[in-house]
**Q** 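Below is one structure. I have some questions about it.
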Amino acid sequence: MSAKTLYDKLWDDHVVRDNGDGTALLYIDRQLVHEVTSPQAFEGLRLAGRKPWRVEANLATPDHNVPTTDRDSGVEGIADPVSRLQVQTLDENCRIFGITEFKMNDIRQGIVHVIGPEEGATLPGMTVVCGDSHTSTHGAFGALAFGIGTSEVEHVLATQCLVQKKSLAMFIEVDGKVQPGVTAKDLILAIIGHIGTAGGTGYAIEFGGEAIRALSMEGRMTLCNMAIEAGARAGMVAVDDKTIDYVKGRPFSPREEYRDQAVAYWQTLHSDTDAQFDKVVRLDASTIRPQVTWGTSPEMVIDIDSRIPDPAREPDEVKREGMNKALAYMGLEANMPISEVRPDKVFIGSCTNSRIEDLRAAAEVVKGRKVADNIKLAMVVPGSGLVKKQAEEEGLDRIFIEAGFEWRLPGCSMCLAMNADRLEPGERCASTSNRNFEGRQGQGGRTHLVSPAMAAAAAVTGHFIDINKL
Amino acid sequence: MMEKFEKLNGIVMPLDRPNVDTDAIIPKQFLKSIKRSGFGPNLFDEWRYLDQGEPGMDNSKRPVNPDFVLNQPRYQGAQILLARENFGCGSSREHAPWALQDYGFRVIIAPSFADIFYNNCFKNGILPIVLDAELVETLFAEVEANEGYRLDVDLEAQTITKPDGEVIHFEVDAFRKHRLLEGLDDIGLTLAHADEIRAYEEKRRKTAPWLFQ
Ligand code: SF4
């Protein structure tokens, strides 16, 4: 048998049939569902008189539209009528079709990409899909996970399969040890800065090497979460003991009787030693510094000790134009040190960085300090009700609140500003989310992507700062 | 049921910026709709209008940005969008092709597309065409220099014919081409293999029973 990549193994294990035209019918083990990309899929199912193929393979939760301040009056209390209708529609569709849903006021509710792993609904070796591009997150478990459109959500509901063309395989190897203060978020931002936002287009990326192995499961999720920002639909990390320990004993994890069999299978989920990749990229972790984005694309990223790049020095005309547009939108000058940039708001949350470890890292920076005067709002939005509970048990909420942060209820929140949490035009934000596109956090809003520790440091000093200098 | 695409002769509109993301194509506030139609008036909303768009507004009464290409008289009725690299990056929202389709675009030409968006286009009767960056550059120059510039696109033949008669060949996966030409119902096609799906499940139930517990 020839040597296989992790991607090959995951792919081969899910092929229902080879269509003979370059595509395969791929079996989907888990579909996660949220309120924004599912209504039209359920509608399609209804119109065609179809039923879900395997209803228990789906797990739903509302996350994009839910308020993060007050939920005492339930879904009825959502102020924006359009948001309310969308959450109600999800509740209704899940009820009619019999899909398990963690409703808005269920303690297990949260961002789909946080609750999947938290519940053990994401397991090594699975194919996981969701009508959401950040589904790549789940690849951290040695799973094949990717985002799909609404037509495909309907297709999976109806058939438990997808017609797919196999991607090329890329290996990104990050060797060496990271410097102090450098997190998974800095690694992935540096990788995107290196290969570009289209660098992974057409590929499934496996991350490996010493620095990746050293990451916790939370860190690996942060990494894979942003594989899509590098253009790759799927990111993945091989299974090791950390993966197996993490999934143990979670509500949807294998029952005791199947556990040994599952673990034996999971231990095979890594690329064989002499497996061939279509592309290999190598980075040295020890050269990576804490990262801050300066522009309107995640590839517009620099080290905290750098200056904002000068478009005049960019030889490529299209890129130069893009840089000029980004600087104008961001209200920044070329050659200015990024450490002099002063945010108005700080957002710690999103499916990239809202897990317990992220909140701990931020709290450690914030402890005993106060939010700086120029910061109008600093908020922490835990990724799920269970993350929130855990943080409260550890006293993290007190640390944040005493420093002047707002401690919110779980959801996507200001990651994309579909609910009431948003930037006003011209406002600048230090954000732990994953996209700094124009208007992402509110029309005219300006986003700088950073790690949780860097966001916390910006909150307490009022500007971006190398967290090692705090 | 998928929408068909065979041939088109249409006006070309140039959108001269790289990395146009799906948030820019259709801003998030419009994603709250639970329907799949009616997104056209809010296509490129933040660039197209001068005020902040919200669902339910009467778009015909909003102040438009005269500098944005979509609002320029010479590009009215355009059905072909000429774009730059990494078009459609970002969120997986199928609302992006729905909005483009609803507005009237049926073909998008760019040096590269983001994967999910590319795939979503085919599901909605839009043909995304990848062309060499240099060719795209030439098209940009020609479109901007010639008012009423049209291209002739033939999916069956996989060709684009320019007004000067030059024929450009483009690549498209055979299976995608077939589905788009026929407007096939993907789900129906898959369900024709229901027995194979069941057989797979039976096998998997034995090798990985925890997935079915
Ligand atoms: S947190 Fe942000 S990126 Fe993640 S699913 Fe929600 S909106 Fe998407």
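Computed from a predicted structure; not experimentally measured. By convention in this document, chain letters (A, B, ...) are assigned in the order of the sequence lines, proteins followed by strands, and residues within each chain are numbered from 1.
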**Q** Kindly compute the distance separating OG1 (B/Thr207) from CG (A/Asp13), expressed to the nearest 0.5 Å.
**A**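 Output value for this atom pair is 7.5 Å.
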
**Q** How many angstroms lie between atom CD1 of B/Ile187 and atom CD of A/Glu152, to the nearest 0.5 angstrom?
**A**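 It comes to 10.5 Å.
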
**Q** Would you please say whether a donor-acceptor pair under 3.5 Å links the side chains of A/Glu257 and B/Trp210?
**A**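 Side chains of A/Glu257 and B/Trp210: no pair found under 3.5 Å.
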
**Q** Between B/Asp21 and A/Arg440, is there a side-chain N and carboxylate O pair less than 4.0 Å apart?
**A**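 Not counted as a salt bridge, because no side-chain N and carboxylate O are separated by less than 4.0 Å.
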
**Q** Side chain from CB out, backbone as N, CA, C, O: work out which of these in A/Glu35 comes under 4.5 Å of a heavy atom of chain B, or both, or neither.
**A**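 The answer is neither part of A/Glu35.
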
**Q** For residues A/Thr37 and B/Glu94, is any side-chain donor paired with an opposing acceptor at under 3.5 Å?
**A**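 No, because no side-chain N or O of A/Thr37 sits under 3.5 Å from a partner of the opposite role on B/Glu94.
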
**Q** Hey, are A/Arg233 and B/Asp115 close enough for a salt bridge, meaning a charged N less than 4.0 Å from a carboxylate O?
**A**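 No.
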
**Q** Do you know the tightest heavy-atom contact between A/Gln40 and B/Ile34?
**A**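 In terms of heavy atoms, the two residues are closest at NE2-C, 3.5 Å.
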
**Q** Give, as side chain, backbone, both or neither, the part of B/Arg84 having an atom under 4.5 angstrom from any heavy atom of chain A.
**A**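 Contact with chain A is through the side chain of B/Arg84 alone.
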
**Q** In terms of heavy-atom proximity below 4.5 Å to chain B, should A/Ser151 be classed as side chain, backbone, both, or neither?
**A**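 Both parts, backbone and side chain.
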
**Q** Relative to chain B, which segment of A/Phe146 carries a heavy atom at a distance below 4.5 Å: side chain, backbone, both, or neither?
**A**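 Contact with chain B involves no heavy atom of A/Phe146 at all.
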
**Q** Answer with side chain, backbone, both or neither: which region of B/Lys28 has an atom nearer than 4.5 Å to a non-hydrogen atom of chain A?
**A**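 Its backbone and side chain both get close to chain A.
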
**Q** Between A/Asp80 and chain B, with a heavy-atom cut-off of 4.5 Å, which part of the residue counts as in contact: side chain, backbone, both or neither?
**A**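 Contact with chain B is through the side chain of A/Asp80 alone.
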
**Q** Side chain from CB out, backbone as N, CA, C, O: work out which of these in A/Gln261 comes under 4.5 Å of a heavy atom of chain B, or both, or neither.
**A**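 Both backbone and side chain of A/Gln261 come within 4.5 Å of chain B.
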
**Q** Need one label for A/Leu416: side chain, backbone, both or neither, based on atoms under 4.5 Å from any heavy atom in chain B.
**A**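 The answer is both parts of A/Leu416.
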
**Q** Give, as side chain, backbone, both or neither, the part of B/Pro27 having an atom under 4.5 angstrom from any heavy atom of chain A.
**A**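 Looking at B/Pro27, nothing touches chain A.
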
**Q** Can you label the angle between the A/His14 ring and the B/Tyr200 ring as parallel, tilted or perpendicular, going by 30° and 60°?
**A**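 If you compare the ring of A/His14 with that of B/Tyr200, the planes turn out tilted.
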
**Q** Under 4.5 Å from any heavy atom of chain B, what part of A/Gln443 do you find: side chain, backbone, both or neither?
**A**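 For A/Gln443, heavy atoms of backbone and side chain both lie under 4.5 Å from chain B.
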
**Q** Which atoms of A/Lys319 come close to chain B, meaning under 4.5 Å heavy atom to heavy atom: side chain ones, backbone ones, both, or neither?
**A**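 Neither part.
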
**Q** Is chain B contacted by the side chain of A/Arg50, its backbone, both, or neither, given a heavy-atom distance below 4.5 Å?
**A**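 Just the side chain, heavy atoms under 4.5 Å.
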
**Q** Measure distances from A/Val163 to the heavy atoms of chain B and classify the residue's part below 4.5 Å as side chain, backbone, both or neither.
**A**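 The side chain, not the backbone.
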
**Q** What part of A/Ser253 lies closer than 4.5 angstrom to a heavy atom of chain B: side chain, backbone, both or neither?
**A**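 Backbone only.
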
**Q** Could you look at A/Arg255 and say if it's the side chain, the backbone, both or neither that has a heavy atom under 4.5 Å from chain B?
**A**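 Its backbone and side chain both get close to chain B.
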
**Q** Looking at A/Arg54 and B/Glu201, is there a salt bridge between them, counting it only when a charged N and a carboxylate O are closer than 4.0 Å?
**A**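 A salt bridge links B/Glu201 with A/Arg54.
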
**Q** Identify which part of A/Arg422 has an atom lying under 4.5 Å from any heavy atom of chain B, answering side chain, backbone, both or neither.
**A**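 It is the side chain, since no backbone atom gets that close.
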
**Q** Below 4.5 Å from any heavy atom of chain B, which atoms of A/Glu43 appear? Answer side chain, backbone, both or neither.
**A**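 No part of A/Glu43 comes within 4.5 Å of chain B.
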
**Q** Can you check whether A/Gly322's main-chain N or O pairs, donor with acceptor, with B/Arg17's side chain at less than 3.5 Å?
**A**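 Pair absent, no side-chain N/O of B/Arg17 close to backbone of A/Gly322.
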
